[in-house]
Amino acid sequence: MNKRSITRRGVAAVLGIASALVGGGALWVGRVEAGYKGTYEVFIDASGQRAGGGLGSARNSADGNQEISCSATASGLNHYLICYAVNSVGESASCYAQDNPASEGIDFAGLTIMTESAYVEFTWDSQGNCTTVNVADYSSLEPKKP
Amino acid sequence: MKKNMIHWIPLLSTAAFALLTLASPAYAGLKSEADVVVDYNTRTASGSIGTARSSSGSTQNIGCQSTLSITPDVSSETYVVCSATNANGDSAFCVAPVAFFHDVAATLADDSFIAFTWSDTGECASIEVRNYSYYKPRQS
């Protein structure tokens with residue numbers, strides 16, 4: 001793969017999330033008059049095979065159900081990634097990715113943007129494999145409360 | 001005896017002042033605000049997450065994200081996008097393959113200052129992340 005090339009699919013996925021987090025996106029549900037702010041509670045779109053939410057918004061939510069996470073594991077030469085989400089009514093979704101040594105491998109390095117206030121969104125295929133994982137850190141994202 | 005007590009008065013006053021000072025919150029470190037700046041002439045955008053979030057208007061925003069796109073058992077691609085909107089609503093973003101900015105992206109924190117430049121094609125030419133004590137923390 002030519003790392004210099006930016007595919008249309010990759011750019012579309014990236015800019016979709018960026019649009020939502022910097023304003024005008026469908027995921028934005030509220031703000032107050034002090035810097036651009038949003039609340040990004042966990043959503044699960046089962047038919048669209050998509051889930052996402054902010055770590056801060058999930059933790060700060062009132063329902064006691066919401067959570068969202070991604071965890072990466074390195075074991076020997078194998079790398080694994082699991083993303084998991086639970087919405088306000090307790091519905092859950094997850095996706096899984098495994099490094100394939102026969103190919104270039106999955107570059108989990110890009111997920112290092114995952115700060116404690118990060119927004120996470122992932123999509124999956126019919127087998128439950130992760131097809132995209134977006135991790136964002138914008139000033140619009142609320143921090144976790146204790 | 002009385003003379004000795006008079007000698008102690010300045011010392012006791014100093015000690016009392018020191019105790020009062022220590023008991024009070026010490027918020028005297030260097031602090032800096034960094035509103036979001038977007039300059040199309042120099043193709044530069046910058047600002048701190050904490051200042052943007054707590055700014056008086058409702059438009060400022062700055063941050064970065066990464067997108068991992070996987071074709072199972074075939075390949076993966078990861079991109080970084082940085083985006084900024086200033087107080088006037090002027091916005092800018094750049095896109096880059098993460099391979100060039102992995103080390104920088106890894107340093108992004110909740111309260112970072114971010115500066116990025118872009119080329120005429122919209123690709124990120126540079127991304128700078130500063131984690132300095134004087135930048136404002138992200139607040140609710």
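Residue numbers start from 1 in every chain, and the chains themselves are labelled A, B, ... in the order their sequence lines are given, proteins ahead of strands.
- Proximity to chain B is absent for every atom of A:Asn60, based on heavy atoms less than 4.5 angstrom apart.
- Atom CG of residue B:Leu68 and atom CZ of residue A:Phe122 lie 13.0 Å apart, to the nearest 0.5 angstrom.
- When hydrophobic clusters are built by joining Ile, Leu, Val, Met, Phe, Trp and Tyr residues whose side-chain heavy atoms come closer than 4.5 Å, directly or via intermediates, A:Leu55 is grouped together with A:Val135.
- Side chain of A:Asp137 to backbone of B:Gly63: no donor-acceptor contact under 3.5 angstrom is found.
- Taking every heavy atom of both residues into account, B:Asn61 and A:Ser139 meet most closely at OD1-OG, 2.7 Å.
- For the pair A:Leu141/B:Arg138, a side-chain contact is recorded, criterion being any heavy-atom separation below 4.5 Å from C-beta on.
- B:Thr67 places no side-chain N or O within 3.5 Å of a backbone atom of A:Asn134 that could act as its donor or acceptor partner.
- Between A:Val133 and B:Thr78, every side-chain heavy-atom pair lies at or beyond the 4.5 Å cut-off.
- Summarising the geometry of B:Arg53 relative to A:Lys37, their closest heavy-atom pair is O-CE, 3.1 Å, with the distance given to 0.1 Å.
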side-chain contact (heavy atoms from CB on, under 4.5 Å) between A:Glu142 and B:Ser140, intermediate numbers included: CA-CA 6 Å; A:Glu142 63 179 310; B:Ser140 298; over 6 Å; no
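- Note on A:Tyr80: it clusters hydrophobically with A:Ile82, by side-chain heavy-atom contacts below 4.5 Å among ILVMFWY residues.
- B:Ser66 is not listed as a side-chain neighbour of A:Met114, based on a closest heavy-atom distance of 4.5 Å or more.
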Check against side-chain contact (heavy atoms from CB on, under 4.5 Å), B:Cys64 and A:Ile113: CA-CA 8 Å; B:Cys64 294; A:Ile113 278 178; 4.2 Å; yes
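- To the nearest 0.5 angstrom, B:Ile70 atom CD1 is 13.5 Å from A:Trp124 atom CH2.
- Contact check for B:Asp110 versus A:Thr115: side-chain heavy atoms found under the 4.5 Å cut-off.
- Interface remark: A:Lys145 contributes side-chain atoms only to the contact with chain B (heavy atom separation under 4.5 Å).
- No continuous path of ILVMFWY side-chain contacts below 4.5 Å connects A:Val89 to A:Tyr84, so the two sit in separate hydrophobic clusters.
- For the residue pair A:Tyr36 / B:Gln60, no side-chain donor-acceptor distance below 3.5 Å is found, with atom types taken as modelled.
- In the hydrophobic clustering of this structure, A:Phe43 does not group with A:Val86; members are Ile, Leu, Val, Met, Phe, Trp, Tyr whose side-chain heavy atoms approach within less than 4.5 Å, directly or through other members.
- Clustering ILVMFWY residues whenever any of their side-chain heavy atoms sit less than 4.5 angstrom apart, transitively, puts B:Val129 in a cluster other than the one holding B:Phe113.
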